[in-house]
Amino acid sequence: MSTEIPLYVALDLDSDTETLELAEALSGFVGGFKIGPRLVLRYGPELIQKVSKKGKVFLDMKYFDIPNTMVSAVRSSFEAGASLVTVHALSGKEALSQLALLERELSAKRPFRILSVTMLTSFNADNLPKALSHRSIEENVEDLATMSFFSGLRGLVCSPLEVSKLRQKFPQSYLVTPGIRRSQDQLGDQKRVMGPQKALSLGASALVVGRPIVEAADPVQAAKEFYEEIKDFKTE
Ligand code: C5P
């Protein structure tokens, strides 16, 4: 058990300079930085390397493709410097099983996790795509989590509202939850939200927080406040 800070800041920004400055300023208060296509397509994989010097990189590209393509994409992400990489659980058992083997191979070299995304936290019962709408969000999440877990992936991305159930069902899982808001934070497009302490106490392994920190008048101060709230929680 290490004592990593269970908080990843989503650096949803457009400028590499701003990203690196913010990563530098926040590095003592967070466990790592989530970046995705918005930055990587603009500045290339070099930015992953640069951010990885400030903290762990959580590369959120949410891969969803045929198994072979997903395996290659995740391997390239690892080689670029990512420590966590997201894939869509909906890509199915075959892809997820191959990814679980890859995770085992890569994590022998350095800490590395593949996180399977269940349902986006911007979905609710009213905007769920028709193909998935014959079942509730909770049922979809549980099915996708079960498939991921039995394919060999312990890492899952879920809404904080699903954490408690998933923690009970899969005690060994590594549950990452976006959709974190304190009472004073704006919701933005997030629909299923929870406060940081509550999410961790219900069993989240790590939190992803974007706008409440990045768009705060003083992002460093906001990150410190989150850190103060969660510093007593340990994660593996
Ligand atoms: O700004 P906010 O705190 O809502 O940022 C949450 C981050 O987590 C965003 O980068 C969003 O893309 C990401 N995310 C999410 N829901 C998921 C997976 C990732 O909100 N299921």
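Indexing begins at 1, ligand by ligand and atom by atom, following the structure's order.
Heavy atoms of Glu215 come nearer than 4.0 angstrom to ligand 1 in no pair at all.
Below 3.5 Å of separation, one finds an N or O of Asp12 facing an N or O of ligand 1. Geometrically, ligand 1 and Val117 share no nitrogen or oxygen pair separated by less than 3.5 Å.
Ser205 approaches Arg167 most closely through the heavy-atom pair OG-NH2, 3.1 Å. Residues Phe58 and Val208 come closest through the heavy atom pair CE1-CG2, 3.7 Å.
Cation-pi contact between Arg113 and Tyr174: present, with separation from the ring centre below 6.0 Å and deviation from the ring axis of at most 45°.
Between the CG atom of Leu39 and the CG atom of Asp12 there is a distance of 8.0 Å, given to the nearest 0.5 Å. Note that NZ of Lys62 is 10.5 Å distant from CG of Leu115, once rounded to the nearest 0.5 Å. Taken from CZ in Phe170 to CD in Glu142, the straight-line distance is 7.0 Å, to the nearest 0.5 Å.
When each atom of ligand 1 is checked for a heavy atom of Pro212 under 4.0 Å away, the hits are 3 (O). Each of the atoms 7 (C), 8 (O) of ligand 1 lies under 4.0 Å from some heavy atom of Val208. For ligand 1 and Arg181, the ligand atoms under 4.0 Å from any heavy atom of the residue are 1 (O), 2 (P), 3 (O), 4 (O). Under a 4.0 Å criterion applied to the non-hydrogen atoms of Arg211, ligand 1 contributes the atoms 1 (O), 2 (P), 3 (O), 4 (O). Atoms of ligand 1 lying under 4.0 Å from at least one heavy atom of Lys62, given by number and element, are 18 (C), 19 (C). Short contacts between ligand 1 and Leu120, defined as distances under 4.0 Å to a heavy atom of the residue, involve ligand atoms 21 (N).
Asp143 pairs in a salt bridge (charged side-chain N to carboxylate O under 4.0 Å, His left out) with only one of the listed residues (Lys93, Arg135, Lys169), which is Arg135.
Within the 4.0 Å heavy-atom criterion, neither part of Thr86 lies near ligand 1. For Met119, every heavy-atom contact with ligand 1 shorter than 4.0 Å involves the backbone, none the side chain.
Here the heavy atom of the protein found nearest to atom 20 (O) of ligand 1 is Gln190 NE2, 2.9 Å. Remark: minimum distance from atom 11 (C) of ligand 1 to any protein heavy atom is reached at Lys34 NZ, 4.0 Å. Protein heavy atom closest to atom 16 (N) of ligand 1, with residue, atom name and distance, is Thr121 OG1, 2.8 Å. Protein heavy atom at the shortest distance from atom 17 (C) of ligand 1 is Pro178 CG, 3.5 Å.
A donor-acceptor pair shorter than 3.5 Å cannot be found between the side chains of Ser15 and Arg42. A side-chain N or O of Ser77 and one of Tyr63 form a donor-acceptor pair less than 3.5 Å apart.
Evaluated by nearest non-hydrogen atom to atom 3 (O) of ligand 1, the leading choice among Ser159, Gly210, Gly179 is Gly210.
A salt bridge between Arg154 and Glu103 is absent, with no side-chain N of the basic residue lying under 4.0 Å from a carboxylate O of the acidic one.
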